[in-house]
Amino acid sequence: MNVVTRIAPSPTGDPHVGTAYVALFNWAWARKHGGRFILRIEDTDSTRSKPEHEAEIHTALAWLGIEADESPAMGGDHGPYRQSERKATYRQYVDELIAGGHAYRCFCTAERLTELRTFQKAAKRPTGYDGKCRSLQPDESAQRAADEPHVVRLAVDKSATTRWNDLLRGEIVIENENVDDQVLLKTDGMPTYHLANVVDDHLMGVTIIMRAEEWIPSVPKHIMLYSAFGWQPPIYAHVPLLRNADKSKISKRKNPTSVLWYQQNGYLPETMVNFLALQGWSPREDDEEFTIGEFIDKFDPKDISLGGPVFDMVKLDWLNGEKIRKLDIEELADRLQSDGWAGEWHNDELLKILPLFQDRMKNLKDFEPAAAYLKARPEPDLEGLAKKTKKVDPAVLVTVLREAAERLREFEGHGDDEREAALRLVAEKHEIKVGALFMGLRVAVTGSVASPPLLPSIDSVGLDESLARVAALTDRLAPTT
RNA sequence: GGCCCCAUCGUCUAGUCAGGUCUAGGACACCAGGUUUUCAUCCUGGCAACACGGGUUCGAAUCCCGUUGGGGUCACCA
């Protein structure tokens, strides 16, 4: 099967998760069939398009591991891949459409159009171009075109019906009376999405268009263009839109939508890929965790479900924790360092201490604050300690902690089991719970009531410093003695 | 509002195309218990859904119609 897919983002803002979502499906399908996956930049909106946004799209896709076979950055046999560089091509096809009577020039001003729309809305009529310039004679139209600003519109046959078969949704039927005479070429000579999209997809040999469902209403325009050019339309597969918690189309205000945000906030790219794949698609078996390679093997666009998936950050965080736990220590150390989450920690230190933290991380961001106590003496959580040792007389606790410190000095260099046994004896001798003793030491050494295991923590901090911390705590708990 | 798309636990979903194996399966979250020196991990269990109404059928989550609900779209933005 010859499979050519594409993703056609517009560089008008941060690289969007929706773009990554659709890119993932397109990329995987092309990979699965040894086809081509094209990244085409739709920068026909000359006021909003910015080169830096295009660069960010590349960065975002590269981070996720979604590499295009053809793109503005790497070129290809069907370039250029930036629509702003294809103006001459579109011009040529527009002329062909006008000559064939499939499109016409429109000289109406923006003011007239606004007025028209306002009137239609007030009258509760459907909005749309009224066809004023459609009846212009070809020679008059051509003459005025020489020195009058104008656009070119699609001449929709309002009496016809457009129907097509969506790969995911089956037959969709839209009466052309509901289709506007869409602008194809703007006053500035740039094509609109509709024209550029059809021309490029055809010229680049795209066989299947997987894109968001928001495009469904404009498919008739595209089909009409294919037909006007005498081209075969590709297969359409309209995938669901990612949603906010309130089910509306995912938006910046209600969710982080920039792929870069996730990169900059401690998420692993494999988390994003796995999570995005799960939005609408699921493997046949019940295992929801998979690698990008496994996804390619199993993916089929036909299996995408159509309810709009709510982007659930809670599940994303869970998945990220799972992915972090799957990394081996070397790899985790590497990710922390290359993404800037390692702080002052050196690689050899990380390899030693990371086993203490890996199970406790849901995010690469979690490491540095959690490990801070190893670098600097923390402020002990006295309130937390008091709560956790309610049943213990503070004076007894101080005595026990001081004695425990002596034992730790005595048993320096001994194994965890031996040291633990020694500490247990201290607790038993003073008839307090072992947990209370450990909690006291824990708060002294790590500052917190929740921490990695105590003995390895003491070893990492160093015995002298650990005991100094215990002394500092006992002095505070019993300042007068 | 017109047009179009969609509809299973709070959320992501399996099951729908080929109706019975569904007292509807899994995951996240939540709750309870276990392991454990705390936390986390890990393990066990629990809570929780076929939007509604008709129809077709011996039988419907699955097919049909309607209703309701949600979403998208109606730009010289994509």
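From a predicted model like this one, the values you see are computed outputs, not experimental measurements. Each chain gets a letter, A, B and so on, in the order its sequence line appears, and its residues count up from 1. No hydrogens, no waters, no symmetry mates; every other heavy atom, side chains included, goes into these values.
Nearer to the 5' terminus of RNA chain B, by closest-nucleotide assignment, is the contact made by Ser305(A) (compared with the other of Pro452(A) and Ser305(A)). Between Glu288(A) and Glu175(A), the residue anchored nearer the 5' end of RNA chain B, judged by the nucleotide with its closest heavy atom, is Glu175(A).
Comparing U41(B), G2(B), C4(B) by their nearest atom to the side chain of Asn178(A) picks out G2(B). Closest approach to the Trp318(A) side chain among U11(B), A27(B), A78(B) is made by A27(B) (side chain taken as heavy atoms from C-beta onward). Comparing atom distances between the Lys249(A) side chain and each of C12(B), G72(B), A75(B) picks out G72(B) as nearest. The side chain of Arg117(A) lies closest to A75(B) when the candidates are A75(B), A78(B), G72(B).
For Thr127(A), a side-chain nitrogen or oxygen approaches OP1 or OP2 of A75(B) to under 4.0 Å. At the phosphate of G1(B), neither OP1 nor OP2 sits under 4.0 Å from any side-chain N or O atom of Arg125(A). Neither OP1 nor OP2 of A78(B) sits under 4.0 Å from any side-chain N or O of Arg48(A). For Thr44(A) and A78(B), the shortest distance from a side-chain N or O to OP1 or OP2 is below 4.0 Å. Contact annotation: Lys362(A) does not reach the phosphate of C39(B) (side-chain N/O to OP1 or OP2, under 4.0 Å). One finds no side-chain N or O of Lys121(A) lying less than 4.0 angstrom from the OP1 or OP2 phosphate oxygen of G2(B). Residue Arg360(A) places none of its side-chain N or O atoms closer than 4.0 Å to OP1 or OP2 of U38(B).
Across all strands shown, U38(B) has no partner, as no Watson-Crick or G-U wobble contact with both distances under 3.5 Å is found. Checking U56(B) for Watson-Crick or G-U wobble geometry (two distances, each under 3.5 Å) identifies no partner in any strand. The partner of G2(B) is U73(B), by the rule that a Watson-Crick or G-U pair needs both atom distances under 3.5 Å. Base pairing of A7(B): its partner is U68(B), meeting the Watson-Crick or G-U wobble criterion (both donor-acceptor distances under 3.5 Å).
Between Leu278(A) atom CG and U11(B) atom C1' there is a gap of 12 Å when expressed in whole angstrom units. Nucleotide A40(B) holds its P atom 15 Å from the CD atom of Glu322(A), rounded to whole Å. Going from atom CG of Asp303(A) over to atom C1' of C17(B) covers 12 Å, rounded to whole Å.
A gap of 15 Å separates the P atoms of A14(B) and C6(B), to the nearest Å. Comparing G69(B) with C31(B), their C1' atoms sit 30 Å apart, to the nearest whole Å. Across A48(B) and G25(B), the matching C1' atoms stand 14 Å from one another, rounded to whole Å. Rounded to the nearest Å, the gap between the P atom of A61(B) and that of U23(B) is 9 Å. G53(B) and G15(B): their C1' atoms are spaced 24 Å apart (whole Å). As rounded to the nearest Å, U67(B) and A7(B) have C1' atoms that lie 13 Å from one another. Using atom P as the reference point in both U8(B) and C52(B), the two lie 11 Å apart (nearest Å). Nucleotides G10(B) and U73(B) are separated by 29 Å at their C1' atoms, to the nearest Å.
Remark: side-chain polar atoms of Asp166(A) are paired, donor with acceptor, to backbone N or O of His238(A) under 3.5 angstrom. With hydrogens and angles disregarded, no donor-acceptor distance shorter than 3.5 Å links the side chain of Glu379(A) to the backbone of Gly447(A). A donor-acceptor pair is defined here as one N or O able to donate and one able to accept, closer than 3.5 Å; such a pair exists between the side chain of His150(A) and the backbone of Glu148(A).
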Mind running salt bridge (Lys or Arg N to Asp or Glu O under 4.0 Å) on Arg409(A) and Glu406(A) for me, showing each step along the way? CA-CA 5 Å; Arg409(A) 173 64 75 194; Glu406(A) 287 170 26; over 6 Å; no

Taking it one step at a time, do Phe295(A) and Trp281(A) satisfy ring-ring contact (aromatic ring centres under 6.0 Å, His included)? CA-CA 10 Å; Phe295(A) 175 59; Trp281(A) 182 85; 5.0 Å; yes

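At a threshold of 4.0 angstrom between heavy atoms, the contacts of Lys124(A) with the nucleic acid are absent.
Taking only distance into account, the side chain of Glu285(A) never meets the base of G26(B) through a donor-acceptor pair shorter than 3.5 Å. Interface remark: the Thr187(A) side chain does form a donor-acceptor pair with the C76(B) base, using a distance-only criterion of under 3.5 Å. Side-chain atoms of Arg325(A) stay outside donor-acceptor range of the base of U41(B), with no qualifying N/O pair under 3.5 Å. Judged by distance alone, with hydrogens and angles left aside, Arg169(A) brings no side-chain donor or acceptor close enough to the base of C5(B) to form a pair under 3.5 Å. Scanning atom types as modelled, one donor and one acceptor separated by under 3.5 angstrom connect the side chain of Lys315(A) and the base of A27(B).
In summary, Glu115(A) and Arg112(A) do not engage in a salt bridge, as defined by a charged side-chain N under 4.0 Å from a carboxylate O.
Note: Tyr193(A) and His222(A) have tilted aromatic rings, judged against thresholds of 30 and 60 degrees for the angle between ring planes.
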